[in-house]
Amino acid sequence: MIPRGYQGRMVGLLAMGGTQGLVGWWMVKSGLGDDRFDDSHEIRVRPIRLATHLTMAVVTYSALLWTGLDILGLPHQKTMAEEALKMFNKDALRKAIRIRSGAIGLTALTLTTIVSGALVAGNDAGRAYNTFPMMNDEWIPSEIADLTPWYRNLNENTATVQFNHRVLGVSTAVGALSLAGIGLLSPATKAKSAAALFTPQVRIGLYAVGTSALGQMLLGITTLLQYCPLPLAAAHQVGSIVVLTSGIYLTHSLRYARPALARLNRDAIVKTVSKKVLS
Ligand code: HEM
């Protein structure tokens with residue numbers, strides 16, 4: 001049975017799934033008949049349509065995951081959180097708000113990296129510039145702005161799409177490791193009085209974003225250096241969903257840590273956090 005209050009969201013999710021089918025056909029059509037893209041012997045679709053299809057798929061997946069986490073309700077260590085709330089500390093709340101903002105930013109960056117990755121795969125750009133960190137002998141490839149008008153470079157130029165994906169991929173990993181480091185090592189999150197805010201789910205989320213993004217970056221570099229063998233390329237695609245899932249899980253585990261909360265007095269904060277975290 002659909003839980004109360006979720007009917008509208010379920011209709012939205014169903015519509016997203018249905019639209020995905022239409023976008024899928026629009027993508028496939030660019031590889032067939034008169035619309036056929038590229039004159040090679042294998043069937044190829046337009047990179048921008050492939051990227052649109054993947055983007056819609058991951059957005060639908062994210063919405064499903066968020067809804068699933070909402071409905072499941074994460075198991076909280078109730079007694080520990082109740083005790084911890086009694087000695088609640090505002091520093092920890094500010095830290096939790098900052099980490100939540102970081103998690104939202106990181107999830108958005110991961111999504112952008114995924115879209116840029118689809119453009120790499122769509123242009124077969126992983127079979128050029130198979131060196132790292134430099135692209136052949138250059139830090140920024142000289143072909144980066146070869147196409148006109150300029151915006152065609154963003155989705156059709158092998159050098160540009162690969163350069164963008166490298167920069168975004170490495171930034172995602174550095175961002176995730178920094179967030180995990182700040183979250184797990186800062187005194188405000190380690191304090192006993194922070195236990196109600198930094199639940200086990202938050203800690204798991206922090207470990208997950210750091211390790212998955214680091215692994216994904218190393219896998220991407222290996223895939224590139226090995227000229228994109230199918231098993232590595234497929235593992236790299238699956239890895240992107242693991243990184244995205246970790247970011248969404250971390251954001252969801254801190255969903256109560258909103259900036260508006262910091263403006264309330266202590267009692268109101270404890271009441272709101274108790275309701276959101278312990279219910
Ligand atoms: C957290 C960071 C990263 C994420 C989330 C990510 C995500 C993705 C995604 C979703 C694809 C498209 C897969 C497909 O549609 O088949 C892709 C492709 C690719 N990525 Fe990444 N990537 C990351 C980092 C990197 C890095 C650092 C490199 C190397 C410098 C890299 C190299 C590649 C290559 C070569 C491909 C093309 C594979 C193919 O042709 O199938 N990635 N990436």
Side-chain angles (χ1 to χ4, degrees), residues 20 23-24 27-28 30-31 38 40 42-62 65 102-103 105-136 138-141 144 155-180 207-250:
Q20 178 71 2
V23 175
M27 177 188 75
V28 168
S30 67
D38 216 357
S40 60
E42 57 184 313
I43 296 207
R44 299 192 58 81
V45 295
R46 289 196 179 275
I48 193 74
R49 297 195 189 185
L50 180 82
T52 310
H53 190 245
L54 183 70
T55 307
M56 277 215 53
V58 291
V59 170
T60 307
Y61 166 77
S62 306
L65 179 65
L106 181 69
T107 307
L109 182 60
T110 305
L111 195 61
T112 315
T113 307
I114 290 175
V115 177
S116 74
L119 292 171
V120 176
N123 282 289
D124 235 348
R127 294 223 166 104
Y129 306 97
N130 298 86
T131 53
F132 189 89
M134 290 172 90
M135 291 178 70
N136 294 344
E138 296 175 300
W139 287 105
I140 301 176
I144 200 157
N155 58 29
E156 290 178 34
N157 184 332
T158 305
T160 321
V161 293
Q162 207 204 99
F163 177 78
N164 290 346
H165 188 60
R166 282 175 183 229
V167 173
L168 287 163
V170 173
S171 309
T172 305
V174 171
L177 283 171
S178 313
L179 188 65
Y207 277 115
V209 290
T211 50
S212 63
L214 177 65
Q216 175 71 353
M217 182 186 82
L218 297 176
L219 189 55
I221 296 169
T222 313
T223 307
L224 180 75
L225 297 181
Q226 299 294 319
Y227 291 80
C228 297
L230 192 57
L232 282 184
H236 186 60
Q237 192 175 29
V238 174
S240 69
I241 300 302
V242 178
V243 181
L244 184 71
T245 302
S246 310
I248 292 173
Y249 182 86
L250 177 62

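Order of listing sets the numbers, starting from 1, for every ligand and every atom in it.
- Interface atoms of ligand 1 facing Ile114, defined by a heavy-atom separation under 4.0 Å, are 10 (C).
- The N/O atoms of Gln237, backbone and side chain alike, include one that comes under 3.5 Å of an N/O atom in ligand 1.
- Among protein heavy atoms, the minimum distance from atom 38 (C) of ligand 1 is reached at Cys228 SG, 4.0 Å.
- What sits closest to atom 41 (O) of ligand 1 on the protein, heavy atoms only, is Ala233 CB, 3.4 Å.
- At a heavy-atom cutoff of 4.0 Å, ligand 1 is contacted by the backbone of Ala118 but not by its side chain.
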Quick one: do Met217 and Thr172 satisfy side chain to side chain contact (heavy atoms under 4.5 Å, CB included)? Show the steps, please.
CA-CA 8 Å; Met217 182 186 82; Thr172 305; over 6 Å; no
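- When all heavy atoms of Val161 and Glu156 are compared, the pair lying nearest together is CG1-N, 4.4 Å.
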Please walk me through it: do Leu168 and Leu109 pass side chain to side chain contact (heavy atoms under 4.5 Å, CB included)?
CA-CA 8 Å; Leu168 287 163; Leu109 182 60; 3.9 Å; yes
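- Ser30 places a side-chain N or O within 3.5 Å of a backbone atom of Arg46 that can act as its donor or acceptor partner.
- Counting only distance, with no hydrogens or angles, the side chain of Thr158 and the backbone of Ala125 share no donor-acceptor pair below 3.5 Å.
- Using a 4.5 Å cut-off on side-chain heavy atoms (C-beta onward), Asp124 and Arg44 make contact.
- Residues Arg166 and Phe132 have side chains in contact (heavy-atom distance under 4.5 Å, counting atoms from C-beta outward).
- Between Ala51 and Val115 the shortest heavy-atom distance is CB-O, 4.2 Å.
- Ligand 1 places these atoms under 4.0 Å from at least one heavy atom of Arg166: 30 (C).
- Annotation: protein N, O or S atoms under 2.8 Å of atom 21 (Fe) of ligand 1 (waters excluded) comprise His165 NE2, His236 NE2.
- Applying the side chain to side chain donor-acceptor pair (under 3.5 Å) definition to pairs two or more places apart or across chains, those involving residues 222-243 are Gln216-His236.
- Distance from atom 27 (C) of ligand 1 to its nearest protein heavy atom, with residue and atom name: Met217 CG, 3.7 Å.
- Other residues, nucleotides and ligands contribute at most 12 non-hydrogen atoms within 6.0 Å of the CD1 atom of Ile140.
- Here Thr172 has side-chain heavy atoms under 4.0 Å from ligand 1, and that is the only part of it that gets that close.
- Within ligand 1, counting atoms from 1 as listed, the ones closer than 4.0 Å to a heavy atom of Phe132 are 30 (C).
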